[in-house]
Number of protein chains: 2
Amino acid sequence: MVGMELRHLRYFVAVAEKLSFTAAAEALGVAQPPLSQQIRDLETEIGTCLLERTTRRVSLTQAGQDFLVRAKAILHSAQDASERAHAIGCGSVGVLNVGLTGSMLAGPLGKLIHKFQETFAGVDIQIHEMSPDKQIAALKSGQTDISFLRTPPQDPDLMSELAWSEGITVVLPKGHGIVSDSVTLSLLKDEKFVFLRLRDSLFAKHILQCCIGSGFYPTISQQAVEAASLTSLVAAGFGVALIPEFVAKLAHANVTYRPVVSPILSADVYALYHLRSGPMARNFLALMRSDAERLAAELRLG
Amino acid sequence: MVGMELRHLRYFVAVAEKLSFTAAAEALGVAQPPLSQQIRDLETEIGTCLLERTTRRVSLTQAGQDFLVRAKAILHSAQDASERAHAIGCGSVGVLNVGLTGSMLAGPLGKLIHKFQETFAGVDIQIHEMSPDKQIAALKSGQTDISFLRTPPQDPDLMSELAWSEGITVVLPKGHGIVSDSVTLSLLKDEKFVFLRLRDSLFAKHILQCCIGSGFYPTISQQAVEAASLTSLVAAGFGVALIPEFVAKLAHANVTYRPVVSPILSADVYALYHLRSGPMARNFLALMRSDAERLAAELRLG
DNA sequence: GCCATTAAGAGCTTCTCCGTATGAATGGTG
DNA sequence: CACCATTCATACGGAGAAGCTCTTAATGGC
């Protein structure tokens, strides 16, 4: 005999619980002789009798009683391990680490995460707020599974996919001279601007390029780290700011918002994931894609 | 595939720990192609990939990492269950319930139990003091595995075996007229006797028969339940007593002991055990037999 | 670009697990 | 008391699975 197998345990447990070889054989869907043979093999392997049998009665030895408990536990563990691995393989169990910047949750991501948690109740979503460069490093090291950025990096290990597009909104201090419902970028060329810190924020660089594209280099009066701070700085009189549409959802009493209608600016958000990202990230992306219509509709509504 | 087997787990753990099919195959003593096949079968059975493999590198998926931990635990449990059952089957692990009367430990039984505990360190000996009839009931119900009595009962389920023989000692109150080093039973025919309660004690009945056999019916002044009480009653002046030799080891200041030399009386102690007693009881009996010479020598020395 | 290494596939062999037929033992019943 | 029914063990043959050898495809290093 080369070794004990789970089949031996399954057979033994059946016999031990029925206290009958014939009844156990029927329950197992095998004939009685091979069952007897397998039990015999098991006893030989272990080196002790597990069952006392006469032709009329089957009973457990002390060793058999102890082994029965353990065999059942082992079979249960095996079943559990199999189901668990399957669930992890399907992405329906585990921890999904999501990297994002603090200002990202104001957009559609919140609803997406909520929907994902409803669909995959076994998955625990951990949100990690971090700066864009940290996000990329975390993705590459495996600390996070998926990340949301406004500008995807060039990296052969990382895949990027457009998650959603937002319009860009200008934030004006209350009582500002511009009163039209919408503005053009060039209209703002003489304003002072509040920017996110150009060193850190790819989004800020993008806005800067848009301004240059509209024929002016913006005067930057102040730089901030957190996107939510921009609105407060505008309210404090430091100038105006260009922010992603959904960040403007965070209403502020002392400012007014105006959509930018020319040029048509977009603040794209990309989902980033590793080439060998797990099934949970794939599920998240799949849900995101299937949810694209809802996001698009929400975008049209503003 | 009919079901997962421990073989699959053994193979998977080998591959997962070596991160190489060829190295794992060599370690397992099988060829590489069947190993690949078995892993593939396992993945099909579970319903998810456990290993990511290229022709140059093997790595674990998340599901594989989780499954590896559980598979190792299962294999360990199986090994442990097997070894444990073997140990119980050998009688080297478990609880041995010994029934005896309180006065029995004064003899060679103490040393025997001590020696058994040294030999079978995994066995926990539980001593149950109870009256003879309770001992028999306990044996038959399985509450005890082995019991020590001075007269074996007639019962088809119970086996008895002579454990040891003691001489019989007469206990005299200090200053008693008999001063010779040894006495004959008939010399005591006019004494008052302290007996164990005849209703309970088979030993007392035996002594009574011996007296009758020596031509007199003893005058019983008092009956006791505990053998150790006999000596105290003699010291208190209730008469003389006939007790097993080893009980006389419990010295008492106000009495003297004299061996009975005629007739040669013996107080036999029998080991009782159930027909289907476990291996621990068998081991105990085997040790008792192999120890018989030592006991006999001790008996000769008195 | 070639070679070494590694995993996977094909075909065949061996082993073992299982089913049928049969035997032996025991407990109940007429 | 003998018979019968039930139950477990044994014997043997066949189907299927596991394993081995040979070979192929793919990848990383030189």
Side-chain angles (χ1 to χ4, degrees), chain A residues 1-46 48-61 63-64 68 71 75 78 156-157 275-276, chain B residues 1-46 48-61 63-64 68 71 75 78 156-157 275-276:
Chain A
M1 152 104 61
V2 290
M4 187 165 63
E5 294 295 343
L6 289 182
R7 172 172 27 81
H8 295 123
L9 304 188
R10 284 188 276 265
Y11 286 10
F12 171 73
V13 169
V15 173
E17 293 196 327
K18 302 252 179 203
L19 289 177
S20 160
F21 280 72
T22 37
E26 188 177 1
L28 290 166
V30 298
Q32 169 263 317
L35 178 60
S36 291
Q37 184 64 38
Q38 291 296 313
I39 298 291
R40 191 173 187 76
D41 289 347
L42 176 62
E43 289 176 325
T44 303
E45 165 77 14
I46 289 178
T48 193
C49 273
L50 300 172
L51 295 163
E52 296 276 352
R53 53 267 215 192
T54 68
T55 57
R56 305 298 294 177
R57 192 166 301 279
V58 175
S59 61
L60 287 162
T61 63
L68 173 60
L75 290 172
D157 288 342
L275 261 178
R276 41 183 106 273
Chain B
M1 153 104 62
V2 291
M4 186 165 64
E5 294 295 343
L6 289 182
R7 173 172 27 80
H8 295 121
L9 303 188
R10 283 189 277 264
Y11 285 11
F12 171 73
V13 169
V15 174
E17 293 197 327
K18 302 255 180 198
L19 290 176
S20 159
F21 280 73
T22 34
E26 188 178 0
L28 289 166
V30 298
Q32 169 262 317
L35 177 60
S36 291
Q37 183 63 38
Q38 291 295 312
I39 298 290
R40 191 175 185 77
D41 290 348
L42 175 63
E43 289 176 324
T44 303
E45 165 77 15
I46 289 179
T48 192
C49 273
L50 300 172
L51 296 163
E52 297 275 353
R53 51 265 215 196
T54 68
T55 56
R56 304 297 295 176
R57 191 167 300 279
V58 175
S59 61
L60 287 162
T61 63
L68 174 60
L75 290 172
D157 288 342
L275 261 179
R276 42 183 106 275

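Proteins come first, then strands; the chains are lettered A, B, ... in the order of their sequence lines, and each starts at number 1. Keep in mind the model is a prediction, meaning the values are calculated, not measured.
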Length of the [atom1]-[atom2] vector between [X] and [N], whole Å:
X     : N      : atom1 : atom2 : answer
B/D41 : D/dG19 : CG    : P     : 10 Å
B/L42 : D/dA17 : CG    : P     : 16 Å
A/Q38 : D/dA9  : CD    : P     : 13 Å
B/R40 : D/dG19 : CZ    : P     : 17 Å

For [X] and [Y], which heavy atoms make the closest approach, and how far apart are they?
X     : Y     : answer
A/M4  : B/A78 : CE-O, 3.4 Å
B/C49 : B/A63 : O-CB, 4.0 Å
A/S36 : A/F21 : OG-CD2, 3.4 Å

Exercise for review: Kindly compute the distance separating CG (B/L60) from CD (B/E17), expressed to the nearest 0.5 Å.
Suggested key: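 Output value for this atom pair is 10.0 Å.
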
N/O to N/O distances under 3.5 Å, protein versus nucleotides 20-24 of chain D:
unit_1 : atom_1 : unit_2 : atom_2 : d
D/dC20 : OP2    : B/A31  : N      : 2.5

[X] side chain to [Y] main-chain N or O, any donor-acceptor pair under 3.5 Å?
X     : Y     : value
B/E5  : A/L6  : yes
A/E52 : A/S59 : no
A/E43 : A/L50 : yes

Check your understanding: Testing B/L35, B/D41, B/L42 for side-chain contact (heavy atoms from CB on, under 4.5 Å) with B/Y11, which one passes?
Key ->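 It is B/L35; the other options fail the test.
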
**Study point:** Positive for side-chain contact (heavy atoms from CB on, under 4.5 Å) with B/L68, one of B/L9, B/L51, B/V13
**Key:**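 Filter result, single survivor: B/V13.
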
**Study point:** Interface limits on DNA chain C, where chain B has a heavy atom under 4.0 Å of a nucleotide atom
**Key:**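 Result: C/dA4 to C/dG9.
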
Practice item. Find out whether B/R53 and B/I39 are in side-chain contact, i.e. whether some heavy atom of one side chain is under 4.5 Å from a heavy atom of the other. Key: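 Yes. Closest side-chain heavy atoms under 4.5 Å.
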
Practice item. Between B/Q37 and A/L19, just flag the one whose closest nucleotide in DNA chain D comes earlier from the 5' side. Key: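 Result of the comparison: A/L19.
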
Using nucleotides 28-30 of chain D, report all nitrogen or oxygen pairs with the protein that are shorter than 3.5 Å.
unit_1 : atom_1 : unit_2 : atom_2 : d
D/dG28 : O4'    : B/R56  : NE     : 3.4

**Study point:** Exceeds 12 heavy-atom contacts within 6.0 angstrom, atom CD of A/E26
**Key:**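 Atom CD in A/E26 is not crowded, with 12 or fewer foreign heavy atoms closer than 6.0 Å.
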
